[in-house]
Amino acid sequence: MVQQAKNSGFGRLLVVIYAVFSLSATARALYQVIRKFDEAPLSISLSALSALIYIVATVALAKKGSSAWKLSLAAVSAEMVGVLLIGVFSYIRPDLFELPSVWSHFGSGYGYIPLLLPMVGLWWLNRTRSHSGSRVTAEH
């Protein structure tokens, strides 16, 4: 069975979505760091961390090879853990999140896409995982 490369077909769409989130999260974090950092340093720092994770995930998902696949898995897994932890804490300790971060309330400010995106990303990475762990090929 020939497996699809993680950066082709649906994988390209996933890279584009991650790229959009990288840009939007980075722009939001930069704006908040410059203009509002004193108001909510934890939320703004978490937004900056999420931007960094989105950038790493975007680049790793776009690249070929087993190292890029492993880096993609690490970045998307970190994203999933971050969305879940920050989502829970933003409900049980709202005082810590005076300004919402990208992942507050499971990404409700972004239509819950931050919650769905790592789920889809992990599904895609599992689907494109090679049995040898070192090689995936395109379906062309």
Inset, instruction - Check the hydrophobic clustering (I, L, V, M, F, W, Y; side-chain heavy atoms under 4.5 Å; chains of links allowed) and say if Val102 and Leu42 are grouped together. - result: yes
Legend entry - Between OG1 on residue Thr128 and CG on residue Leu14, distance to nearest 0.5 Å: 9.5 Å
Legend entry - Spatial distance of atom OG (Ser24) from atom CZ (Arg28) [nearest 0.5 Å]: 8.5 Å
Legend entry - side-chain hydrogen bond (donor to acceptor under 3.5 Å, both in side chains) contacts in which one or both residues fall within residues 82-105, not counting sequence neighbours: Tyr54-Trp103, Arg93-Asp95, Ser101-Ser104
Inset, instruction - Anything under 30° is parallel, anything over 60° is perpendicular, the rest tilted; go ahead and classify Trp123 against Phe10. - result: perpendicular
Legend entry - Reported OG-to-CZ distance for the pair Ser72 and Arg129, which is rounded to 0.5 angstrom: 13.0 Å
Inset, instruction - State, with a plain yes or no, whether a side-chain heavy atom of Ser43 is found less than 4.5 Å away from one of Lys36. - result: no
Inset, instruction - Check whether any side-chain heavy atom of Phe21 sits under 4.5 Å from a side-chain heavy atom of Thr58, and report yes or no. - result: no
Legend entry - Connected via hydrophobic side-chain network under 4.5 Å: Trp69 and Leu71: no
Inset, instruction - Treating Ile, Leu, Val, Met, Phe, Trp and Tyr as nodes and any side-chain heavy-atom pair under 4.5 angstrom as an edge, say whether Val16 and Val120 lie in one connected cluster. - result: no
Inset, instruction - Report the hydrophobic cluster partners of Ile44, with the cluster defined as I, L, V, M, F, W, Y residues connected by side-chain heavy atoms closer than 4.5 angstrom, directly or transitively. - result: Val33, Phe37, Leu99
Inset, instruction - Taking all non-hydrogen atoms of both residues into account, name the closest pair between Pro118 and Ile113 and its distance. - result: CD-O, 4.4 Å
Legend entry - Transitive ILVMFWY side-chain link Ile86 to Leu52, under 4.5 Å: no
Legend entry - Nearest-0.5 Å distance, OH of residue Tyr18 to CD1 of residue Ile53: 10.0 Å
Inset, instruction - Can you see which heavy atom on Pro41 is nearest to which on Asp38, and at what distance? - result: CD-O, 4.0 Å
Inset, instruction - Could you state whether Leu122 and Trp124 fall into the same hydrophobic cluster, counting links through intermediate Ile, Leu, Val, Met, Phe, Trp or Tyr residues with side-chain heavy atoms under 4.5 angstrom apart? - result: yes
Inset, instruction - Starting from Ile34, walk the hydrophobic network (Ile, Leu, Val, Met, Phe, Trp, Tyr; side-chain heavy atoms closer than 4.5 Å) and list everyone else you reach, by chain and number. - result: none
